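Quick notes on the structure that follows.
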Amino acid sequence: MIIGIDVGNTAIKLAFAHESEAIVKRVSDPEAIESLSQTLWAASRSEPADIRIASVNRTKTHELIERTQTKAGTKTAFRQITHTDLPLAVETDSPERVGIDRLVGCYGAAKVYRLPLVVVDAGTTVTVDLVDSEGIYRGGAIIPGLEMQTRALAAGTDALPHIDWQDSCESASLAAPHCVPAKDTISAIRLGILSSVVGGIERLVRLYGNPSCVVVTGGDCQCIAAALQISSQHDFNTHLHPHLVCRTLASLG
């Protein structure tokens, strides 16, 4: 049994090979690690589990491995994926320092979509990465994510409220022409932050040479993809691909 796990700073995503659904747990949930370890233990009772992990959160990864192996022992084999495990050429100054989630996502997208392409991973940060026409990872850019920008705005002002983007991803519709300009404070914050991220993505795609394919994944992918699809400021096609990283891990040879 092959299982892929994407351990981020905000959420942990788990996918079983050949299954379309993924399990998502918020890192802030005190029961997240215990729940996932129970899931892995239960899965390994029928057959040994080959578990591939892409992690940018070492603490949570260590907790998950330790707690699962306490339950399941040798029935679970964990392998933390690095750039050397991927058949993806990486042309950056220090390939080993590129977030492994970014590389796994780009490798997975390059197997499915037409090259060249851009992968947008909308999580704690929004990464915007380029895979060229030869399938080579060329690097990318990092933008503060929706939640991070919202927290910074709330912390740096006296009267502006905090907004939970997870509660209302339909807020991407705020980018529609009939909602501009915003008519209340919360809508104004959502419109401003969403526009800054989407506008940044559009500019980066132009700087990358205008690839016609943009693949959007990550926890806020629905918000970002919907806003990109509404926008008329670009010529690329937007493809929504939730849980791209953990699904790619589960399909690795």
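Since we're looking at a predicted model, the values are computed, not measured.
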In this structure, are over 12 heavy atoms from other groups packed under 6.0 Å from [X] atom [atom1]?
| X | atom1 | answer |
| --- | --- | --- |
| E21 | CD | no |
| R79 | CZ | yes |
| D184 | CG | yes |

Does a side-chain heavy-atom distance below 4.5 Å link [X] with [Y]?
| X | Y | result |
| --- | --- | --- |
| F236 | V118 | no |
| L194 | I224 | yes |
| N210 | D235 | no |
| V126 | D220 | no |
| Q80 | I65 | yes |
| I33 | I12 | yes |

What is the distance from atom [atom1] of [X] to atom [atom2] of [Y], rounded to the nearest 0.5 Å?
| X | Y | atom1 | atom2 | result |
| --- | --- | --- | --- | --- |
| D6 | I81 | CG | CD1 | 12.0 Å |
| D50 | L249 | CG | CG | 11.0 Å |
| M1 | H18 | CE | NE2 | 11.0 Å |
| I136 | C106 | CD1 | SG | 13.0 Å |

*asked:* Please tell me whether Y113 and H241 form a close aromatic pair, meaning their ring centres lie under 6.0 Å apart.
replied: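 Ring centres of H241 and Y113 closer than 6.0 Å.
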
*asked:* Salt bridge check, E34 against K71: does any charged N sit closer than 4.0 Å to a carboxylate O?
replied: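 Yes.
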
*Give the cluster check for V98 versus V245: same hydrophobic cluster or not, with ILVMFWY residues linked at side-chain heavy-atom distances below 4.5 Å.*
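They do share one cluster, since a chain of ILVMFWY contacts under 4.5 Å joins V98 to V245.
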
_Are M148 and I143 linked, directly or through intermediate hydrophobic residues, by side-chain heavy-atom contacts shorter than 4.5 Å (ILVMFWY only)?_
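Different clusters.
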
